[in-house]
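Just so you know, these numbers use all the heavy atoms, side chains as well, and skip hydrogens, waters and symmetry mates.
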Amino acid sequence: MIRWVLTIFIALIVFSAALPWLEKLGIGRLPGDFRFTLFGRKFMLPFASTILMSLLVVLVARLLR
């Protein structure tokens, strides 16, 4: 269980950093991706995109095995 939580947390950090490039592909604008402004800073939590990309990575890894 802790391995999945750690995997999703790391994926969330990676996708948040790469989000400006991924938004051109439509990633980051799915239902479940939260954007909000707090104290003048914009924050984005791409939960749905992270789960979608994690599932794609798992499927590719299983196909390559």
Side-chain angles (χ1 to χ4, degrees):
M1 176 73 178
I2 191 76
R3 192 180 333 169
W4 281 107
V5 172
L6 185 61
T7 302
I8 290 174
F9 180 72
I10 292 171
L12 190 68
I13 291 172
V14 170
F15 291 136
S16 293
L19 202 56
W21 298 286
L22 293 174
E23 279 185 340
K24 294 177 183 175
L25 300 173
I27 303 295
R29 291 184 267 167
L30 297 173
D33 294 339
F34 299 107
R35 294 180 184 201
F36 58 93
T37 304
L38 186 65
F39 301 117
R41 292 191 69 191
K42 293 181 182 178
F43 292 96
M44 179 152 185
L45 301 172
F47 291 118
S49 296
T50 302
I51 292 170
L52 178 67
M53 296 300 285
S54 296
L55 288 174
L56 288 174
V57 169
V58 167
L59 288 174
V60 168
R62 287 189 183 217
L63 289 174
L64 293 177
R65 207 183 330 164

Asker: For side chain to side chain contact (heavy atoms under 4.5 Å, CB included), just list the numbers for L56 and M53, CA-CA rounded to whole Å, side-chain angles, deciding distance to a tenth of an Å, and then say yes or no.
Answerer: CA-CA 5 Å; L56 288 174; M53 296 300 285; 4.1 Å; yes
Asker: Does F43, at its CZ atom, have more than 12 non-hydrogen atoms belonging to other residues, nucleotides or ligands within less than 6.0 Å?
Answerer: yes
Asker: Output the distance between atom OG1 (T50) and atom CD1 (I13), rounded to the nearest 0.5 Å.
Answerer: 10.5 Å
Asker: Identify which one of L64, L59, V58 satisfies the side chain to side chain contact (heavy atoms under 4.5 Å, CB included) criterion when paired with R62.
Answerer: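 Of the listed residues L64, L59, V58, the side chain to side chain contact (heavy atoms under 4.5 Å, CB included) partner of R62 is V58.
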Asker: Quick one: do W4 and I51 end up in the same hydrophobic cluster if we chain Ile, Leu, Val, Met, Phe, Trp and Tyr together by side-chain heavy atoms under 4.5 Å apart?
Answerer: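 In one cluster: no.
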Asker: Which atom names give the shortest non-hydrogen contact between P31 and A48, and what distance separates them?
Answerer: O-CB, 3.1 Å
Asker: State yes or no: do V60 and L52 share one hydrophobic cluster built from I, L, V, M, F, W and Y residues joined by side-chain heavy-atom distances below 4.5 Å, directly or via other members?
Answerer: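 No; L52 is not reachable from V60 via cluster members.
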Asker: Write out all pairs satisfying salt bridge (charged side-chain N to carboxylate O under 4.0 Å, His left out) with one or both partners inside residues 30-50, taking only residues at least two apart or from two chains.
Answerer: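 Pairs touching residues 30-50 that pass the test: E23-R35.
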Asker: Give me the atom names and distance for the closest heavy-atom approach of M44 to P46.
Answerer: O-CD, 3.5 Å
